Undergrad: 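Below: one structure in structure tokens.
Since this is a predicted model, take the numbers as computed values, not measurements.
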Protein chains: 2
Amino acid sequence: MAMLSVAPAGYVVSRHALASANKCHSGAFRPTAGAARILHLRLDSVTAKPSEPATTEAVDDYLKAILELSGPEENRVTSNALAGHLGIRPASVTGMLQKLAGQRPSFIRYKKHHGVFLTDTGKHRAMEVIRHHRLLERFLHDVLDFSWDEVHDEAERLEHYISEHLEDRIAAKLGDPDVDPHGHIIPEKNGAAAVRAETVLAKWPCGVPAVISSVSDKDPAALREMKRRGLLPGASLIVEPGTRSASLAVRISGNPPARLSQELASRILVVHR
Amino acid sequence: MAMLSVAPAGYVVSRHALASANKCHSGAFRPTAGAARILHLRLDSVTAKPSEPATTEAVDDYLKAILELSGPEENRVTSNALAGHLGIRPASVTGMLQKLAGQRPSFIRYKKHHGVFLTDTGKHRAMEVIRHHRLLERFLHDVLDFSWDEVHDEAERLEHYISEHLEDRIAAKLGDPDVDPHGHIIPEKNGAAAVRAETVLAKWPCGVPAVISSVSDKDPAALREMKRRGLLPGASLIVEPGTRSASLAVRISGNPPARLSQELASRILVVHR
DNA sequence: TTGTAAATTTAGGTATGGCTAAATATTTAT
DNA sequence: ATAAATATTTAGCCATACCTAAATTTACAA
């Protein structure tokens, strides 16, 4: 159970650009106008504490990507890995990392040629966006009847744009759920999230009883197939000692024995029963 | 009852940038990357009809502003008026209008020094965004317990980012409502919207029975005051022949006689009872 | 240890969308 | 009709964020 140590101290809500943040200055300095919508910023009451920098959609995506790629060991993440994950060029990543690293305070710590990792501030923002995403998935699924293969794309877009207030209302409406429709743990509002010792089904030992803890939400077709075959979070199963090359012999509780492709098995995470 | 004549023909949904729209070309031409999120675009089946240009948040805001400022008579709108309405400099408006007018097909028709007006395509997109806004307000209010002074800001942001699918689910969940919490008519999915002959309460003749049809949703404080005083859409009232200078003597059905500031009365629209 | 392949960064560009200051049109008043 | 006032546009910039091509490191192998 690893908690994220985020300083909940000066965090006072208020996300999204204040209308006045972009007003006209008549003097010599330019008001810093731009195309990207500023997504959140902080008000540290009156005391001029160094507030968390505002983010944009792009910044949020970088922070999430770094968090995901650095794994539980919190390794440094390379520019190339980020570029691959984000679907952009490594050169673009370098530019963004340099800009982010130059901010004070900064979301990231970056050393040329040696990768990047998140500061506590960065981790906090990343967890916040992930909380938005998973709450939205749960909400779209439970309240608005989206199927579990439809929720990801919609949530991926909206996660950047919902206010603190809407986040709270959604959580309340759902009764503060623990997991999203794919079994992923929803971080708490302070950024804390339990970590489960999950294993990819493709690597789970034969004969050992397992329960599906979560599945990847990225591929709608795979999700539809999983649903069809009873491969839902919470389902019990045992991998039989069948061929391990291209497919896996699996006995899913309540279903007839089946064979799963490695492809599908690599999208399913399990824990001990 | 003025209908917006929009060709529902080749409109096939699919808003929001396709993931592949921004992929790498290896050749000489650049893939046109940018900071602003592309909000929608159309697939005209296989037939290569000229599809509606994709919009961004900024473009949506311009289209809405032009629609609102041109009024029911569909007058041309000046750059200055747009600048004032959008809170930006006139020079910035000129730049955007030139860019939009240069698109094929275009959302607007623009003549230097002589203002701008919407094409049918532009009207359609503007109505679509307004539909999003009002559906969202209704949804936030009815389903997520937002108060009627809180819904505007949230809807103003989200209106640009909800998919066609989410729009449909929200409408279904609400039972295809006709009006938002402030009494504004929600356009239909094809862009059509009824037009009511509303009059500002401040200009309503004394002694003539009236019903509140809608109120401005822009000022939360004013909305709270209205609610406190029973000034809700549907409420009946009569303006008494009291002083018309700074305040209005009004008898609101079910409430004791009251005096409204011109300020407040200018935010309330009424129709004949 | 030195070379080379792979990873990463620099340099220079594009597009969006906003700003200022300085022109230029248009409108209004005389 | 014309000058002054007002409105609008042009020209030149800034910031975000992405791209390609050409350096430059770094890391690994001989």
Undergrad: Before accepting this row, confirm whether a basic side-chain N of the pair B:Lys189/B:Glu167 lies closer than 4.0 Å to the acidic partner's carboxylate O.
TA: yes

Undergrad: Looking at C:dC19, D:dT8, D:dT9, which one has an atom nearest to any side-chain atom of B:Arg89?
TA: C:dC19

Undergrad: To the nearest 0.5 Å, what is the distance between CD on B:Glu137 and CG on B:Leu158?
TA: 11.0 Å

Undergrad: Within this structure, what is the CG-to-P distance between B:Leu82 and D:dT8, rounded to whole angstrom?
TA: 10 Å

Undergrad: Can B:His132 and B:His160 be said to form a side chain to side chain contact (heavy atoms under 4.5 Å, CB included), step by step?
TA: CA-CA 8 Å; B:His132 287 182; B:His160 307 288; over 6 Å; no

Undergrad: Starting from C1' on C:dT8, measure out to CZ on A:Arg76 and report it in whole angstrom.
TA: 14 Å

Undergrad: Counting only side-chain heavy atoms from C-beta out, which of D:dT9, C:dG18, C:dT9 sits nearest to B:Lys112?
TA: D:dT9

Undergrad: Among the candidates C:dT10, D:dC18, C:dG18, find the nucleotide nearest to the side-chain atoms of A:Ser92.
TA: D:dC18

Undergrad: Just to be sure I understand the rule, does B:Ala58 reach a base, reach only the sugar-phosphate, or reach nothing, if contact means heavy atoms closer than 4.0 Å?
TA: sugar-phosphate

Undergrad: Between C:dT9, C:dA7, D:dT9, which nucleotide gets closest to the side-chain atoms of A:Tyr110?
TA: C:dT9

Undergrad: Using heavy-atom distances to pick each residue's nearest nucleotide on DNA chain D, tell me which of B:Thr78 and A:Pro90 is more 5'.
TA: B:Thr78

Undergrad: Would you indicate which nucleotide in C:dA7, D:dT20, D:dC19 comes nearest to any side-chain atom of A:Ile88?
TA: D:dC19

Undergrad: Please determine if a side-chain N or O atom of B:Tyr62 lies less than 4.0 Å away from the OP1 or OP2 oxygen of C:dG18.
TA: yes

Undergrad: Measuring from the side chain of A:Ala36 (C-beta onward, heavy atoms only), which nucleotide among C:dG17, D:dT16, D:dC19 has the closest atom?
TA: D:dT16

Undergrad: Would you kindly give the NZ-to-C1' distance between A:Lys99 and D:dC18, to the nearest whole Å?
TA: 11 Å

Undergrad: Give the intermediate values and the outcome of side chain to side chain contact (heavy atoms under 4.5 Å, CB included) for residues A:Arg157 and B:Ser163.
TA: CA-CA 9 Å; A:Arg157 203 164 358 87; B:Ser163 69; 3.8 Å; yes

Undergrad: Could you work out which one of C:dA11, D:dC18, C:dA7 sits closest to the side chain of A:Asn80?
TA: C:dA7

Undergrad: Within the structure shown, what part of the strands sits under 4.0 Å from A:Ser79 by heavy-atom distance: base, sugar-phosphate, or nothing?
TA: sugar-phosphate

Undergrad: Touch check for B:Thr56, heavy atoms < 4.0 angstrom, all strands: base, sugar-phosphate only, or nothing?
TA: sugar-phosphate

Undergrad: Just how far, in rounded Å, is C1' of C:dT9 from NZ of A:Lys111?
TA: 16 Å

Undergrad: So if I take every side-chain heavy atom of A:His113 and compare against D:dT26, D:dC18, C:dT16, which nucleotide ends up nearest?
TA: D:dT26

Undergrad: In whole angstroms, how far is the C1' atom of D:dA15 from the CG atom of A:Leu100?
TA: 14 Å

Undergrad: Nearest whole angstrom, please: distance from the C1' of D:dA17 to the CD of B:Glu57.
TA: 16 Å

Undergrad: Given atom NE2 of B:His85 and atom P of C:dG18, what is their separation to the nearest angstrom?
TA: 15 Å

Undergrad: Check whether any side-chain nitrogen or oxygen of B:Gln98 sits under 4.0 Å from OP1 or OP2 of D:dT10, and answer yes or no.
TA: yes

Undergrad: Would you indicate which nucleotide in C:dT9, C:dT16, D:dT10 comes nearest to any side-chain atom of A:Thr94?
TA: C:dT9

Undergrad: side-chain hydrogen bond (donor to acceptor under 3.5 Å, both in side chains) between A:Arg134 and A:His182: does it pass, once the steps are laid out?
TA: CA-CA 9 Å; A:Arg134 296 182 179 169; A:His182 311 104; over 6 Å; no

Undergrad: Provide, to the nearest angstrom, the distance between the CG atom belonging to A:Leu97 and the P atom belonging to C:dT8.
TA: 11 Å

Undergrad: At their closest point, which heavy atom of B:Glu154 faces which heavy atom of A:Tyr161, and how far apart are they?
TA: OE2-O, 4.2 Å

